[in-house]
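Each chain gets a letter, A, B and so on, in the order the sequences are listed, and its residues count up from 1.
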There are 2 protein chains.
Amino acid sequence: MEAPPSGSAFLLAQVGAHAAMRFTERIGALDLTPPQVGLLRLVASRPGQSQQALAKQLGTPATRLVPLVDGLEKRGLIERRRNAEDRRLYALELSEDGRALMGQVARAAASHDRTITAVLTEDERATLHALLTKIADDQGLTPGDARGRLS
Amino acid sequence: MEAPPSGSAFLLAQVGAHAAMRFTERIGALDLTPPQVGLLRLVASRPGQSQQALAKQLGTPATRLVPLVDGLEKRGLIERRRNAEDRRLYALELSEDGRALMGQVARAAASHDRTITAVLTEDERATLHALLTKIADDQGLTPGDARGRLS
DNA sequence: TATTGTTATACTCTATAACTATA
DNA sequence: TATAGTTATAGAGTATAACAATA
């Protein structure tokens, strides 16, 4: 019975929720929500996919993508291009403005990361990252996984 | 530029959301939701408080407590006792059944903790706990904090 | 007049089902 | 008939405002 006073899993959930909340605030300054950033990241990493394909990767019903893409398209961040071979499908891509905004998101994420781990030394930061990666692998979480809330 | 490929803060949010989701599943087997467990934990640790006092500690509007307490009271887990000195106030306490159920919740939490950190050695587990505690302190998170979702 | 608890209402987010157009 | 995208609808969760009882 040498268990820590407060469970690690509980701490993990608490600190993780805090990190997510702070990141939500940061991208809010760019007028973006976590679901929007999640979609933009996916389109940026693999352009030209259909909405159905994106919905599967996000683990969300396809109907949710419609208003999500609508909003980003109206702001000129994303483009719906028709697929010439199968005219039912769209091919989603980032616009020039979209790519520029994703650059800002990346800078916000890097700054966010430094803020959250500010109290750790460089070695501790590397150790934390290694331990979290170990758990993520063990629990079957993939790097870009957007399921379960957050960007 | 020796930053890790995927930011620690992002990993933290991802693994934390996963841990929270898995815990939600576990308490779901006891027919409980995270807000319910959060309230029960608070009443268990400090019995006799008013709904307003509890609402403040949970960081939620007092109106939310009404249906929350209603459900737990109907199931015989919690009791609304009138305060004789000031009859506007309730004094919330756990029933015998409520205490028994909290025992089950505690066992579920311990088991959950072992599952999430199963891939780590005993030393690694202690290290992770220490690093997370360090971040939590630095970010102003209190041990029992129930803000930002989860139990 | 101020405070506790309650009710009523509205708003946000998300999921389900029905529709269209293409294949 | 099957599939991509859309629209309409409904449900859960949460917050705001108005109300009754007590101080």
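Taking atom NZ of B/K56 as the reference point, atom P of C/dG5 lies 12 Å away to the nearest angstrom. Spacing between atom CG of A/L65 and atom P of C/dT14 amounts to 12 Å, rounded to whole angstrom units. In this structure, B/Q51 places its CD atom 17 Å from P of D/dA21, rounding to the nearest Å. Residue A/L68 contributes atom CG, which lies 15 Å from atom C1' of D/dG5 at whole-angstrom precision. In this structure, A/R64 places its CZ atom 16 Å from C1' of D/dG5, rounding to the nearest Å. In this structure, the CG atom of B/L89 is 9 Å from the C1' atom of C/dG5, given to the nearest Å. Per the geometry, CD belonging to A/E73 stands 13 Å off C1' belonging to D/dG5, to the nearest Å. Here the P atom of nucleotide C/dT14 and the CD atom of A/Q36 are 11 Å apart, to the nearest Å.
Annotation: A/R46, atom CZ; neighbour count of heavy atoms from other residues, nucleotides and ligands within 6.0 Å does not exceed 12.
Closest approach to the B/R80 side chain among D/dA4, C/dT6, D/dT6 is made by C/dT6 (side chain taken as heavy atoms from C-beta onward).
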**OP:** Spell out protein contact along nucleotides 17-23 of chain C as letters: B when the base is contacted, S when just the sugar-phosphate is, - when no protein heavy atom is under 4.0 Å; keep the 5' to 3' order.
**Re:** B----BS
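Side-chain nitrogen and oxygen atoms of A/Y90 include at least one within less than 4.0 Å of the OP1 or OP2 phosphate oxygen of D/dT6.
Neither A/V66 nor A/L89 shares a network with the other; the hydrophobic side chains, linked directly or stepwise wherever heavy atoms of I, L, V, M, F, W or Y lie under 4.5 Å apart, form separate groups for each.
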Donor-acceptor pairs under 3.5 Å, side chain of residues 94-101 of chain A to any protein atom, not counting sequence neighbours: which ones?
from	atom 1	to	atom 2	distance (Å)
A/S95	OG	A/G76	O	2.5
A/S95	OG	A/L77	O	3.3
A/S95	OG	A/D97	N	3.3
A/S95	OG	A/G98	N	3.0
A/E96	OE1	A/R99	NH2	3.1
A/R99	NH1	A/L94	O	3.3

